[in-house]
Each structure stands twice: as structure tokens, then as C-alpha cells.
Amino acid sequence: MAERCAVIGVGQTHHKAKRDDVSIAGLVREAAKMALADADLTWSDIDAVVIGKAPDMFEGNMMPEIYLAPALGAVGKPMIRVHTAGSVGGSTALVAAHLVKSGIHKRVLTVAYEKQSDSDAMWALSVPQPFAAPLLAGAGGYFAPHIRAYMRRSGAPDYIGRMVAVKDRKNAMRNPYAHLHLADIDMKMVEDSMMLWDPLRYLEACPSSDGAAAMVLASEDAISGAYPPAWIHGTAMRSEPTMFAGRDQINPQAGRDCSADVYAQAGVTDPRRQFDCAEVYVPFSWYEPMWLENLGFCDLGDGWKLTESGATAFDGDIPWNASGGVLSSNPIGASGMLRFLEVAMQVRGQAGEHQVDGARLALGQAYGGGSQFFAMWIVGSDKP
Amino acid sequence: MSAAGRTVRPVSIASFAQSRSVRRDNERNEAEGLHPVIAEVFGNIGITKDDVDFICSGSTDYLIGGPFSFVMALDAIGVWPPRSESHVEMDGAWAMYEAWVLLQEGEIDAALVYSFGRSSLGDLNEILTLQLDPYYEAPLWPDIVSLSALQARALIDSGKATEADFAAIASRSRRDALGNPNAQVAKDVPVEVLLEDDYVVAPLRRHTLPPITDGSAAIVLAAGDKATQWSERPVWITGFDHRMETHSLGARDLTSSPSVTKAAEVAGVADGKIDIAELHTPFAHQEVIVKEALGLDDSVVINPSGGPLAANPLMSAGLIRIGEAASRIRAGQADRAVAHATSGPCLQQNLVCVLEGA
């Protein structure tokens with residue numbers, strides 16, 4: 001029988017293009033210390049540490065938990081390193097949640113990070129591998145054809161992507177930790193930015209960020225901190241193969257199955273009405289309408305209409321990425337955890353200027369690989 | 001059964017399979033190398049991928065030299081329809097720990113765990129240096145053999161062991177490997193002959209080093225009715241824990257292993273007589289340290305498979321220790337065993353798993 005588990009502490013760094021002021025250890029420690037302070041705990045209160053990040057080749061530091069153990073107070077404790085591609089920040093939080101839900105630990109610190117300025121993600125994503133056709137395209141080049149296919153399939157007008165790019169950057173103005181603070185952002189500014197991978201322009205893509213995220217998860221008898229806990233109502237992961245003729249990369253089965261699983265655990269049958277907000281992994285603008293459909297917030301083909309209507313805006317009926325999302329901060333390994341962390345902040349009422357009024361139930365989603373790895377959780381202010 | 005005062009849900013090692021450990025497997029990619037192992041681990045107990053509720057793997061991108069090596073390896077399973085699946089950038093023993101944690105929740109009853117890696121593709125001495133502090137240590141390129149030699153020297157200086165002891169461990173391991181068809185280095189060479197070897201990095205002679213190995217392994221875990229349905233003689237995990245030490249070698253006593261001792265305490269190693277131990281001690285001298293930290297006496301048979309001195313497929317060698325120990329219990333050669341896995345330079349992180357027959 002699984003134990004109840006809640007988020008009792010959150011912390012994140014100021015995300016920037018270059019955090020020259022800290023080492024990798026300093027970066028993760030900054031987020032972890034903030035999460036501990038939020039939970040009113042110290043290092044010695046933590047039973048285990050779960051750390052995640054995207055490929056080690058980004059920073060050139062193999063299995064970095066080895067080096068980071070002392071910086072995260074993990075000496076003498078269990079420490080696990082998760083890596084599930086772009087969804088890793090979410091998966092890492094889920095592994096930590098299971099350590100509590102299983103009854104093995106009372107308080108677990110979970111941390112995710114990326115220090116993109118220490119390397120070149122485009123290079124690290126494109127290293128030729130034996131026996132495999134080289135992609136040489138980075139993430140944007142990989143996803144652009146999927147976006148074109150979505151546009152053709154749904155008949156969405158070309159300005160929808162630009163609307164998402166503007167909306168998320170406007171939201172980021174309310175989030176002091178966001179990497180991008182583009183005060184003058186508007187449709188024309190996005191349209192005038194350089195074309196990177198047709199139809200994606202520069203301002204429709206996520207930035208490269210240095211940053212870290214951390215949370216303290218606790219069992220019901222170990223709740224602490226000034227803010228109320230964010231109770232975990234559901235957790236799910238799903239994976240599907242990269243290359244398989246039966247796949248639909250535009251509306252992946254793994255994403256639909258993952259949401260069906262996590263919704264069933266939380267009793268969610270009408271996500272648009274039941275959730276007060278959502279933080280969803282949108283690294284390229286068009287993934288908002290695509291994931292709106294995949295997550296069942298609307299019928300197939302209608303995602304772009306929801307975006308166009310303003311429903312997902314900060315003042316809409318179902319705000320998506322009130323924090324500014326991945327389009328405004330992308331420390332890759334941490335980007336998924338930031339989604340999970342931001343919804344915890346929302347239901348705890350600690351999101352400050354980007355607080356969604358009265359948020360009580362929210363969805364965090366992360367995806368990775370070739371739209372094939374999914375991690376989700378639902379958090380609420382009420383005990384499940 | 002309990003570990004740290006908590007009731008442990010009985011989980012069994014229902015099936016184990018491993019590839020042959022070889023010096024170089026350069027005719028197959030990761031998924032192709034793994035596929036027959038997955039087929040065997042399911043075939044052993046007559047199940048398919050549809051009978052497991054969760055999949056977890058362990059591997060590192062640095063062996064293949066490209067990102068996301070675990071992604072294409074998934075093709076060895078064929079995760080369609082989509083499956084609940086996760087991955088640790090760690091030895092498969094930790095992937096098994098993650099799966100065991102999920103089984104503890106009681107909502108799923110079976111999991112597949114696997115790990116893979118081809119150590120032959122690059123220069124391990126260069127690659128493993130990248131595990132070190134990237135600012136203060138890695139730029140000096142201290143290689144793993146030299147760091148292990150520092151540990152061996154400290155052990156000799158402490159009076160706990162001699163070079164002849166290291167040779168005896170190596171001699172015994174490779175002799176025992178003659179009975180293991182999957183081993184890579186199996187031969188019967190007496191200690192006196194081994195001690196004539198040249199030093200690679202003093203005090204480590206060639207025979208005290210592990211071979212460079214390509215290989216993979218897989219385990220099926222089962223709980224509830226599946227545990228007894230899938231095996232006439234279930235092998236139960238009765239204790240499971242892992243612990244980390246600090247990274248700075250200068251801040252550690254390299255001749256002891258407090259992390260092994262702590263993990264052994266939580267896993268309950270001392271709660272009964274241990275018949276055999278499968279220890280992931282790639283350098284011969286490390287067996288002395290781990291054996292002492294586990295509190296094992298001389299009656300315990302250590303590494304009857306030959307251990308990592310006979311085959312050391314990185315990322316799988318720890319998971320194989322668990323599988324080898326379970327196989328001996330299932331075969332009736334032991335009632336209670338301990339398996340160990342390690343990660344990081346000089347035994348920085350350690351995992352301990354206690355197994356018992358029905």
C-alpha cells in the first residue's frame with residue numbers, strides 16, 4: 001500500500017545563459033539550499049538524494065553524481081542518478097516520489113540541472129554513433145518536420161506558434177527566476193526573428209540556459225515548512241520506440257497513455273475544467289497546441305483554437321506555463337523538474353506574481369527523446 | 001523481514017540472463033547485443049514483455065561516446081504498446097534498486113531490469129577520468145588504474161594485505177572462472193607465477209586489474225503470486241541498500257568502506273549466515289576492503305563465478321553479481337548470499353543486496 005507523498009520545499013536558481021559565478025556544484029547547491037530552507041530543514045534531515053540531468057556529454061562530466069555527492073549532502077546516504085532524455089527532470093522527481101511512496105524514506109531531496117554554457121548541446125546531440133544514421137540537426141531540426149505535419153493535419157494558421165512564443169515570454173516577465181525577460185516581446189518581434197528550422201523562428205525556440213531545480217518530498221508524517229504541502233495525486237511514466245512505422249510522432253500514444261494513467265489515479269475526467277493550471281514541456285512554440293490535444297484538453301485538431309482563444313494565457317480559463325515555461329528558461333535536465341516544481345508552487349500558493357488565483361489542482365508534464373518519453377504528475381492542495 | 005525497521009515486501013529474482021563476456025563485440029550494436037539476453041531472461045520462465053509492469057535499465061553514454069545510448073537499446077525490448085519505463089546512468093544494480101522500490105509500493109508485481117555496455121569502444125582510462133571533479137581533478141587526468149594503485153598502496157601500508165594477497169585473489173578468481181562459461185579470463189595460474197608479472201602502476205601488477213569487457217545482463221523481478229508461479233524455488237531479496245561516500249580521495253580512508261558497512265547494516269547482512277558473496281571489486285585489492293566492510297569471515301565463498309577479475313562489463317558487472325548469487329541459491333548451492341555493486345573511483349559508492357532461498 002503506497003504512502004502519501006507531498007512536496008514540502010522548492011528551490012531554483014536564477015536561470016541564465018552563463019552562470020559564470022558558480023561551478024556545477026555551486027549551481028545545484030544553490031537550488032538545493034533554497035528547497036531545504038523552504039521546507040525548514042537542513043542537510044542532515046534528508047534521507048536520500050535523487051539527481052537527474054540530460055546527457056553527461058553536455059558538460060563533459062561522466063556520471064556527475066560521483067562528483068556532486070558532497071555538494072548535495074549525500075555522503076553516507078543513498079544517491080540515485082536518473083537519465084531519461086528531456087523528460088529526465090520529471091522522471092527524477094518521480095523516482096524520488098516512489099522512494100517516499102514505498103515507505104523506504106521520509107524525506108528525499110531531488111535535484112536536476114544543466115550547465116549548458118559548459119558545453120554545446122547542438123554538438124553533443126549530434127555526435128555520429130556507430131551503426132546509426134547521423135541526425136546532425138539538434139532538437140529543433142528534429143521536431144520541425146513534426147510541427148509542419150501538425151500544421152497540415154490540423155489546418156492551423158501559421159501565427160499560432162508566434163502567439164505561444166509571445167504569451168510564454170509575457171508570463172516570464174512575472175517570474176524573477178526566468179532566463180528570458182523580453183519586455184518588448186510582440187508578434188512582430190517574433191516574426192522578424194531569424195528562421196532557424198522552418199517554420200520555427202529564433203524566438204519560437206527555447207533558450208540555452210544554465211540552471212538547477214530542487215524539491216524536498218516528504219511522507220505524511222514528515223511535513224514541515226511555512227507553506228502548505230503540495231500533495232501528489234498521481235504519477236506516471238511512459239516510453240515508446242524512436243523509430244517504428246506505427247508511431248504517430250504528432251500525437252504520441254505514450255503521451256496519451258501516460259495522461260490516461262495519471263488522470264485515473266487523480267480522478268480527472270475533464271482536464272480543462274478540473275485543472276486550475278498546467279506546466280507543460282513546450283520547448284518549441286507549436287508544442288503547446290500539440291500537447292493540448294495529446295493531453296486531452298480539447299478534441300483532436302482543436303489545440304490551436306484553444307491557444308488562439310486565449311484560454312491558455314495567464315488570464316485564460318486554463319493557464320499553461322504561467323512561469324514562462326521552457327520557452328523562457330531551458331536548463332535542459334532541469335526543465336522537466338521545473339514544470340513539476342512550478343505546479344507545486346501554484347497549489348501551495350507561493351508563485352508570487354505568476355500565481356494563478358485559487359490554484360488547487362495542477363498538471364506537470366515533461367517529454368523527451370523523439371517525443372517518446374513522458375513523465376507526469378498531478379499535485380493538489382487537498383490530501384488525496 | 002525488515003530493513004531499517006520497515007516491513008519489506010518479498011520480491012524474488014525470477015530470472016537472470018547474461019551475454020558471454022568478451023573483449024570486443026564489434027559486430028553488433030547495443031540493441032542487437034542485448035536482444036538475445038532479453039529473449040533468454042523472458043524465455044527462462046516462459047513470459048513475454050507483456051507480463052512485466054515496469055522496465056528499468058542502467059548504462060552510460062560515455063561508453064558508446066554519444067548521447068542517449070539507452071534510447072536505441074530500448075529496441076531490444078520493443079516497447080509497443082508504450083510501457084512504463086525508466087533509466088539510470090548507473091550500473092544495472094541501481095536500475096534493479098529503482099524497480100525494487102516500485103515493487104515495494106505494492107501496485108505492480110513484475111519488472112524487467114537490464115544493463116549493457118561495450119567497454120571496448122574507447123579508452124577506459126581516459127573515459128573514467130571524466131567521472132572526477134571537472135575543475136580540480138579531471139584536468140590533471142589521473143587515470144583509474146593509478147587511483148586504484150594509490151588505494152592498494154594505502155592498504156599495504158596499513159598492514160591489512162600484501163601483494164601476495166592480491167595475487168592470491170586474482171589466482172583464485174580466474175581459476176573459479178574456469179567453471180563459468182560466460183567468463184572472459186579463465187585460467188589456473190599459481191600465485192608465485194603471478195608475482196613475476198611486471199607492475200602496471202605499482203603496486204598493481206597486471207593480474208590485479210580487471211579485463212576490458214563488453215557484455216550485458218538482465219533480471220526479471222517478481223512479487224506476489226507471480227513470484228511463486230514463475231519459479232519453483234524463488235530467490236528472495238531480503239535486504240537492499242546503497243550508500244555514497246565523498247568524492248575527494250584525500251578526505252577518505254581508502255582502506256575501509258563505511259558506505260559498504262552502512263549498506264550492509266541496513267540490508268541486514270549480519271542477520272544470518274552468508275554462504276556466498278559476489279563482490280563487484282574490479283581491482284583485486286578491493287576484495288579485501290569490501291569483505292572486511294561486509295563483516296564476512298573466511299567461511300564465505302567469494303566470487304565463485306570468477307567475479308569482475310574474470311569479466312568486468314562496465315554498467316553490467318554489478319547486476320551480474322546479483323544474478324550470479326541468485327543462480328547459486330536457485331541451484332541449491334547456497335541458502336543465503338550477499339551481492340555487491342560499486343560505482344566511482346576507489347569504491348566511492350556501494351550497493352548491497354541480500355538474497356535468500358525459499
Side-chain angles (χ1 to χ4, degrees), chain A residues 1-2 23-24 49 54-63 65-70 74-85 91 94-95 98-99 101-104 118 124-125 127-132 236-244 246 252-254 257-258 261 369 372-373, chain B residues 4 6-7 29 32 55 60-62 64-72 74-75 78-90 94 97-98 101-102 104-107 121 127-128 130-135 137-138 241-248 251 258-259 262 343-345 348-349:
Chain A
M1 182 61 196
S23 63
I24 295 171
V49 179
D56 294 356
M57 295 178 71
F58 284 0
E59 289 86 357
N61 183 204
M62 178 189 186
M63 298 162 73
E65 71 278 7
I66 296 292
Y67 145 64
L68 291 172
V75 174
K77 296 172 188 174
M79 187 170 188
I80 297 175
R81 158 71 195 294
V82 181
H83 177 21
T84 62
S91 311
L94 296 185
V95 172
H98 286 301
L99 285 173
K101 288 168 74 179
S102 62
I104 293 170
D118 275 18
L125 286 170
V127 183
Q129 295 196 22
F131 309 106
M237 292 191 237
R238 284 294 184 284
S239 308
E240 66 182 48
T242 315
M243 289 175 216
F244 163 49
Q253 183 74 40
D257 290 359
C258 193
D261 185 354
Q372 66 191 115
F373 298 114
Chain B
R6 192 181 61 82
T7 304
N29 69 15
E32 288 166 338
I55 300 167
T60 175
D61 285 346
Y62 263 95
I64 196 172
F68 306 123
S69 59
F70 64 93
V71 175
M72 298 309 284
L74 261 181
D75 287 344
V79 282
W80 191 265
R83 309 306 299 266
S84 182
E85 186 266 343
S86 188
H87 171 261
V88 294
E89 196 87 352
M90 307 178 84
W94 276 269
Y97 184 83
E98 183 181 333
V101 168
L102 254 74
Q104 291 301 305
E105 275 176 50
E107 285 167 17
L121 293 175
I127 289 169
L128 290 170
L130 297 173
Q131 286 190 334
L132 305 175
D133 180 319
Y135 305 99
E137 290 174 2
D241 193 57
H242 58 100
R243 298 284 153 166
M244 181 63 101
E245 291 182 36
T246 198
H247 183 56
S248 172
S259 56
K262 176 71 179 169
S343 178
Q348 188 188 328
Q349 186 180 23

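Numbered from 1 within each chain, the chains take letters A, B, ... in sequence-line order.
In this structure, the side chain of Y135(B) engages the main chain of I24(A) through a donor-acceptor pair within 3.5 Å.
With a threshold of 4.5 angstrom between heavy atoms, D257(A) approaches chain B through side-chain atoms but not through N, CA, C or O. Contacts of D133(B) with chain A are made by both backbone and side-chain atoms, with heavy-atom separations under 4.5 Å. Contacts of E89(B) with chain A are made by both backbone and side-chain atoms, with heavy-atom separations under 4.5 Å. Heavy-atom distances place no part of S259(B) under 4.5 Å from chain A, backbone and side chain included. In this structure, the portion of L74(B) lying under 4.5 Å from any heavy atom of chain A is its side chain and not its backbone. When heavy atoms are compared at a cutoff of 4.5 Å, D261(A) does not approach chain B at all. There is no contact between E59(A) and chain B, counting heavy-atom distances below 4.5 Å. Using a 4.5 Å cut-off between heavy atoms, E85(B) contacts chain A through both its backbone and its side chain. For chain B, the nearby parts of V82(A) are the backbone and the side chain; heavy atoms of each come within less than 4.5 Å. In this structure, no portion of I55(B) lies under 4.5 Å from any heavy atom of chain A. At a 4.5 Å heavy-atom cutoff, the contact between Q349(B) and chain A is made by side-chain atoms alone.
The structure places CG of D61(B) at 7.5 Å from CE of M57(A), a figure rounded to the nearest 0.5 Å. Atom NE2 of residue H87(B) and atom CZ of residue R81(A) lie 8.5 Å apart, to the nearest 0.5 angstrom. The NZ atom of K101(A) sits 6.0 Å away from atom CD of E107(B), with the distance rounded to the nearest 0.5 Å.
Per-residue counts of heavy-atom pairs under 4.5 Å with chain B were compared for A85(A), A69(A), S91(A), A74(A); the largest is that of A85(A). Your options are G344(B), A138(B), A251(B), S86(B), and the one with the most heavy-atom pairs under 4.5 Å with chain A is S86(B). Considering only heavy-atom pairs separated by less than 4.5 Å from chain A, the leading option among M90(B), E137(B), H242(B) is H242(B). Interface check for chain B: of the options P55(A), G369(A), S239(A), the most heavy-atom pairs under 4.5 Å are formed by S239(A).
Between V75(A) and T246(B), some side-chain heavy-atom pair lies under the 4.5 Å cut-off. Counting heavy atoms from C-beta on, the side chains of Q372(A) and V71(B) come closer than 4.5 Å. Counting heavy atoms from C-beta outward, W80(B) and Q253(A) have side chains that approach closer than 4.5 Å. Side-chain contact between M243(A) and D75(B) is absent, with no heavy atoms from C-beta onward closer than 4.5 Å. The shortest distance between side-chain heavy atoms of M244(B) and P78(A) does not fall below 4.5 Å.
Nearest heavy atoms, E240(A) versus P82(B): OE1-CG, 3.7 Å. Scanning all heavy atoms of the two residues, the minimum distance from N61(A) to L130(B) falls at ND2-O, 3.0 Å. Nearest heavy-atom pair, T242(A) versus M72(B), reported as atom, atom and distance to 0.1 Å: OG1-SD, 3.9 Å. Contact detail for Q131(B) and I66(A): the closest heavy-atom pair is O-CG2, 3.8 Å. In plain terms, the two heavy atoms of G76(A) and K262(B) that are nearest each other are O-CG, 4.4 Å. Nearest heavy atoms, E98(B) versus M237(A): OE2-CE, 4.3 Å.
Taking the six-membered ring where the residue is Trp, H83(A) and F70(B) present perpendicular rings, their angle passing 60° and hence far from 30°.
Between the side chains of Q104(B) and S102(A), no donor N or O sits under 3.5 Å from an acceptor N or O.
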